[in-house]
Structure formats: C-alpha cells, structure tokens
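Everything on this sheet refers to the single structure shown next.
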Amino acid sequence: MNLENLNENQKKAVEITEGPLLILAGAGSGKTKVLTTKIAYLIMNNIAQPENILAITFTNKAAKEMKDRVISMLGSVAYNIQISTFHSFGVSIMRSHYKELGYDKNFMILDSDDSLTVIKRILKDLNIDPKQYSPKMIRNRISSSKNELIDSSIFSKYVKTEFDEITHKVFIKYEEKLKQTNSLDFDDLLILPIQLFRQNPEILLSYQEKFKYILIDEYQDTNEAQYILVKMISAKYKNICVVGDESQSIYSFRGSNYRNILNFEKDYKNTQVILLEKNYRSTQTILNAANDVIKNNTERKDKNLWTDNVVGSNIKYHRAMNEKDESDYVTSEIKKLINTNKLSDIAVFYRTNAQSRNMEEALLRENIPYKVVGSFYFYNRQEIKDLIAYLKLIYNEKDDVSLLRVINVPKKGIGLKTIENLSLRAVINNESLYQSINGGKELEFKKIIEEIKKASDSLSLTELVELTLEKTGMKQELQNEKTLESDIRLENLEEFKSITKTFEEKNGIISLEEFLLEISLVSDIEEYKNNTEVVTLMTIHSAKGLEFKNVFVIGLEEGIFPHINCMDSKCDLEEERRLFYVAVTRAKENLWLINSRKRLLFGNESANPASRFISEIKDEYLDKDEFETNPIIQKRIIGTINSKEEYTVGESIIHNEFGKGIIISVDKSLLTIAFPHPNGIKKIMRGHSSIKKV
DNA sequence: GCCTAAGTGCTTTTT
DNA sequence: GCACTTAGGC
C-alpha cells in the first residue's frame, strides 16, 4: 500500500499495527487521515479482516466522516468495519445481549429530555419539591455517577448532604423505572455492556476475539465508563491505537477525563508513542494565535505545533455595538466572501446554542442559505415529539413516558384524575400503564394503538407514520384548526415523513425498531439532509474535528465565552480556553473574532467586556476594527429582586449577599439593582434573598 | 377537564 | 425572551 503522501511520523503511526499505540496529534496534524489510512492498511495488507476492526469516535458527525473516507478508500468491504460512536457501539452490544441483562428485545433509549421527564415524575411521586431540588441537577448528578460506574447502591456510600440524600432516593426509583419500562438512558449504553462483560467472561472473550484491532479517536474525551469498556475489549490482544490531544479536551462536564490520555503509557505496558506536530490545516498566523492562547493553560504536555503553510492574513477582530449589529457584520462579511468562496467553506461558531438565533435571522434577511448543525429544534417541536412518542408506544407498549405524553393527544377528555387512577392500578398490579387500561375513554386510545400495531407488520415505515397520524387524529385536528401555527405543524409532520423516506431510500426496508434507535442517537435533522452548499452554524463543541476555510467566532465576551458558569474555577477556565483553541484551529485561511458591546441576555440588556482570550493573542496577529479603545467597563453585578416594599430609582440599598447597591429600575414588584463587582459581569438573580433600605 | 393569565426560572457544551 | 408551571374561572 502506498503511504507516500504521509510524513515520517504519520507513516510510522500507520505502520505500527501491533500493541498499544498512543498518537498525540495536534490540531490539523492529519489524524483522521492517519486513522483512515491505518484502517485501509490493516485490511489491504491482510493484517485484519474488516469485521476485526473497531473504530470509535465521539460524535455522529465524526463517525460518518470517517466511514465515508474509509469507504472511498476501500469500497464496499468497508461496510463491514464497525465505525461508530461509543453510544451506538453500546446499542449494537445491547441488541445482541439484551437477554443476559434482563431486558426485552424492544428496549427503548431515552434521551436526556426523556430522562428529565422521568425524574420530574419521580419527584412528584416522592412528594419532593422540584424548586428546592432541581430535577436537572439531580439528573446530572445521577448521570455523572453512572459514568463513573457508580450505581445507586454504591452511591449510598457517598451520601453526605441533604441533596445527596434526595438524589439517592430518586436514583433508586430512577433505576427501577427504567428497568420496569424496558428503557435505557445514554449512560446505560456504556455501563450495561461493562456489566455484561463482567458477568459473562465468555461474551467478553467473543468481543475480544472479534475486535482484534481497536482504534479510538479523541481519546482525551473519554470518561471512566468509556475508558473501562475499551480496556476490557482490548485486554487480550492489546492492539489498541488511541489518538488525541489534551489541548482539545472539552467534555469534562460529561465526565471526560483528559488524564486518560496523559496516563495511557502507564495503563498499557510497552506503549509506543508518536507525536504529530506538523499542522497542515491553518496559516501561520492562525496557528500562532492558537499557540498564544493555549500556552496560558498550565496543565498540558508541551507540544510544538508548526506549519510550513503561508503566513496568511491577519485575524479580523470586530467589536459590534449590539447583538444585531454583530450578526449583521458577520452577514456582510459573508456576502463579501460569496463571489470567491463556496458557502460550504464558511462557518459561524458560538458558545451556546441560543446564540444561533440572531445569526439565523440575519442570514434569512439576506437570503443566504445556512444550516444549523446539532440543533434539536426540529425534534423538540411539540408535534414531532408527540408523533415520536406514538411511534415509541407502538413499538414498546411498556413505554409509560410516551404514553403519558400522548394519551390525551388530541384532547379526548383524559385528565389528571384518570391518569392518577391508571397509575395507581398499574402500581398495584405491577404492570405498565398501557396494560392497566381496561375501560373508559382510555380504552379508545388503547384500541387505536392496537389497531396501528396490527397493521404495522405489512407497512413501510413511512406508511406507518402516515397511518399513525391519521388513526390518532393528530392530522385531522391540525387540519381543522386552519391557523398559521397549525399549518406549520402539518408541514413539520410532512417533513418528518420525508425524513423517514430518505431513511428508507438509504437503508432499504427498515423496521420501526431500527428507525427509533437511529433517531434516539442522531436527533439532528441535518444529518439526514444533503444540503451541502450552505453556510454552517454550530457550537464549537460540534465543530471539533472539522475544518473550514473561513471561520467566524461570535460572542467573544466575558460571561459568554468564557461562559459565566466556568469563570470561577481555574480548571473550568482552562477548559474554556481549550474550547477557544479548538475554535481557532478549525480555520484554514481566514478567521474573524467578533463580540458586542451590549447585548440582550435573558431579556435584559447587558454590557460585557471583551473576552480575555482575545487579549491573549499578540496584537501583531490581529486587525482590530473597533472605533474606540476598550473602555474600562463599569464593574457591577445586576440583581433583580422581588420585594413588597416601595423603592424608587436611584435609591441606595444593602443586599445581604452583594452589599451596597443602587436601584436602577422599578417595574411592578420587580427591582433591578446594580452592585459594584470586580468581575464586571452582570449576574441576573431573581426572587430570593433580602435587601434593606439604607 | 380545559383554558388563560400570571409567575418563575432559566442556558453552557453532547450522546 | 422563552418555555414551563400553577392557580383560578368556566
């Protein structure tokens, strides 16, 4: 096989096929090229059969990209290579071994929203006030525990605070509920395979024998469960090749631990290490800027990323007046690019999903086609969620969560009372809600589901969707409504059918099971579309692993990026900096860094100083476009507080947490108060703690 | 049981 | 600004 187009180290990385191999690959150093070439090398040199190779990536996007590349190198044999995300790999294990773990064949996967719904319901059952104990926090706590392989019984040993105690109670119920409804959450997809392997060494052995060659991309982002899973499967042959860069570790909120990559040599004896330091992607200027920023992090291995690409043009820094002005600026710059660039060469990155909206509005106004990657907006629409809930229930009647969602959709007079009775009966008889239906208006509902179920065997997926929309009355209801709103909903449902159609065209005859599994892991509509000639909008997290000729990073303000929740601890701040590093190193030729003096945040106007990351870049690499030097922003926290007392604007008060402040506005019982604060960040707080008149 | 208005809290990031 | 919850009238 011809490895001529690789450099020395890349070549070595491909040729070392036996034993543990650690590839420390800086941004843009061609690691995907190395990985895909390595897979091709293994197969073409008959070292491994396609089915002996397991390649794991982090995002669906990355998996798809790798698969496409391998297919173009190897042709159809490549279809037998398991290239997937950790989670979809987990699904494939569960589909073969659900029995050993006591699940039914038609298990369902809950996304994080579903998990939250389950937890809210448990809180209700346990009479716990969700305002006092945030369901989200409980969910996150449970999820991170699971990712550390801590189940509820182990968790009991770590209970210290009252919150822990509540979490523990909910944790137990949550486990019960999921098992009872034959459902798995995302974390189960990692920990159940581990449990399976621990309990059944012979099954583990079969996986070890099957996957003799293992490749893991973005190893710095693995969490404990993923780390253990990989370790187990690779234990026999130890042909494990991991690629990563601790400077790009950005998933610690999900339990990822970049020390996994720093410790790889200790974990796997006789590891060979290869450094890929030459960058093929970016101009020298962009690379210099990235290096300037990342060197402010203390916890990192020293890498020296270099390139022999051209110096390139300076990075453009623009400070806009407000968020509208910001997106208008980006749009006008994009318009300048259109003549000489493909739209697919342009990307806009932001820190939080909410920031896409202004950008979308501006692009819509100017008729510039775009796509928002990783937006679950479509699947989060009420009508789509309802439809999916119906489909899930048709597939798995034990799915109580879905049943509760749609039992009264469209409205048929089934309210709280009915559901309470139903729940009670279900608990007593230890059966699902669906099973416990035996009369009333609910029976009508059950009959409809039964009818669709019966018909489903002889229908294609798209036909099944159509039948569901008709039999349930969802379609009729919307057609009768005849409002703008209902029209949009109908359109969305049509769009859903076009997704199932595309799906069928791509995959042939597809079962409801396969479809539901797929959309539970890939709930991003863009993955199913082929609209390639568009500008790409996405969060920096989704941008990892990708590259674009022209990159805009917006919202570079203290409090947004670095995000306000990440500014307190050094460790979080370093992760924000790594995130910024990822953003910058996506750009091949041109980079814009943009922020705004003022913006509407949570409905309040706020003024944030420019992100510290900008000042970490040497001035010589920046073309600054701001019509005044950065003013020293007045340092204050703004708090809004409920109060019955009479206050007037301008009055001084004392707050028991923030100290002295001044009333800025009075709106009914809502007060907005300014407090001096060293960070210069506005913090919105409402409805708690007391203030006193001075 | 359904509808509406008022109230409340909230946004990191992904599978 | 928005989505979600809750209370109260029908």
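The sequence lines fix the lettering, A, B, ..., with proteins before strands; numbering per chain opens at 1.
Spacing of P atoms, C:dC4 relative to B:dT13, comes out at 15 Å, to the nearest Å.
Here A:Arg365 pairs with A:Asp328 in a salt bridge; the nearest charged N to carboxylate O distance falls below 4.0 Å.
In this structure, A:Phe580 and A:Phe613 have parallel ring planes: the angle between them is below the 30° cut-off, well short of the 60° mark. Relative ring orientation between A:Tyr133 and A:Phe163 is described as parallel, the plane-to-plane angle staying below 30° on a 0-90° scale split at 30° and 60°.
For A:Ser143, the side-chain contact (heavy atoms from CB on, under 4.5 Å) partners two or more places apart in sequence, or in a different chain, are A:Asn147, A:Asp187.
No side-chain donor from either of A:Tyr581 and A:Gln248 sits under 3.5 Å from a side-chain acceptor of the other.
Atom CG in A:Leu116 sits about 14 Å away from atom C1' in B:dG9, given to the nearest Å. To the nearest angstrom, C1' of B:dT11 lies 15 Å from CE of A:Met137. Atom CG in A:Asp129 sits roughly 12 Å away from atom C1' in C:dT6 (whole-Å rounding). We find that CD of A:Gln132 is positioned 16 Å from C1' of B:dT8, with the value rounded to whole Å. Note: CD1 (A:Ile564) to P (B:dC10) measures 14 Å, nearest angstrom.
Counting all heavy atoms, side chain and backbone alike, A:Thr222 lies closest to A:Gln226 at CA-OE1, 3.3 Å.
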Provide a list of protein-nucleic acid N or O atom pairs under 3.5 angstrom, restricted to nucleotides 1-3 of chain B.
{"unit_1": "B:dG1", "atom_1": "OP1", "unit_2": "A:Lys417", "atom_2": "N", "d": "3.2"}
{"unit_1": "B:dG1", "atom_1": "OP2", "unit_2": "A:Gly415", "atom_2": "N", "d": "2.5"}
{"unit_1": "B:dG1", "atom_1": "OP2", "unit_2": "A:Gly415", "atom_2": "O", "d": "3.2"}
{"unit_1": "B:dG1", "atom_1": "OP2", "unit_2": "A:Leu416", "atom_2": "N", "d": "3.1"}
{"unit_1": "B:dC2", "atom_1": "OP1", "unit_2": "A:Asn408", "atom_2": "ND2", "d": "3.4"}
{"unit_1": "B:dC2", "atom_1": "OP1", "unit_2": "A:Gly413", "atom_2": "N", "d": "3.3"}
{"unit_1": "B:dC2", "atom_1": "OP2", "unit_2": "A:Asn408", "atom_2": "ND2", "d": "3.4"}

Below 3.5 Å is the cut-off: list the nitrogen or oxygen pairs between protein and nucleotides 3-5 of chain C, distance only.
none

List every contact pair, protein side and nucleotides 13-15 of chain B side both N or O, where the distance is under 3.5 Å.
{"unit_1": "B:dT13", "atom_1": "OP1", "unit_2": "A:Asn353", "atom_2": "N", "d": "2.6"}
{"unit_1": "B:dT13", "atom_1": "OP1", "unit_2": "A:Asn353", "atom_2": "ND2", "d": "3.2"}
{"unit_1": "B:dT13", "atom_1": "O4'", "unit_2": "A:Arg351", "atom_2": "NH1", "d": "3.4"}
{"unit_1": "B:dT13", "atom_1": "O2", "unit_2": "A:Arg351", "atom_2": "NH2", "d": "3.3"}
{"unit_1": "B:dT13", "atom_1": "O2", "unit_2": "A:His541", "atom_2": "NE2", "d": "3.4"}
{"unit_1": "B:dT14", "atom_1": "OP1", "unit_2": "A:Thr539", "atom_2": "OG1", "d": "2.8"}
{"unit_1": "B:dT14", "atom_1": "OP1", "unit_2": "A:Ser542", "atom_2": "OG", "d": "3.2"}
{"unit_1": "B:dT14", "atom_1": "OP2", "unit_2": "A:Asn353", "atom_2": "ND2", "d": "3.4"}
{"unit_1": "B:dT14", "atom_1": "O2", "unit_2": "A:Arg254", "atom_2": "NE", "d": "3.4"}
{"unit_1": "B:dT14", "atom_1": "O2", "unit_2": "A:Arg254", "atom_2": "NH1", "d": "2.7"}
{"unit_1": "B:dT15", "atom_1": "O2", "unit_2": "A:His87", "atom_2": "NE2", "d": "3.3"}
{"unit_1": "B:dT15", "atom_1": "O4", "unit_2": "A:Ser112", "atom_2": "OG", "d": "3.0"}

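Taking 4.0 angstrom as the limit, A:Lys136 places a side-chain polar atom (N or O) nearer than this to OP1 or OP2 of B:dT11.
The stretch residues 136-149 of chain A participates, sequence neighbours left out, in these salt bridge (Lys or Arg N to Asp or Glu O under 4.0 Å) pairs: A:Arg141-A:Asp164, A:Lys146-A:Asp185, A:Lys146-A:Asp188.
Between A:Phe253 and A:Asp572 the shortest side-chain heavy-atom distance does not fall below 4.5 Å. When side chains are defined from C-beta on, A:Val553 counts as touching A:Leu591, because their heavy atoms get closer than 4.5 Å.
Once rounded to the nearest 0.5 Å, the distance linking CZ of A:Phe349 with CZ of A:Phe548 reads 5.5 Å.
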Please tabulate, one pair per line, all N/O donor-acceptor pairs under 3.5 Å involving side-chain atoms of residues 415-422 of chain A, not counting sequence neighbours.
none

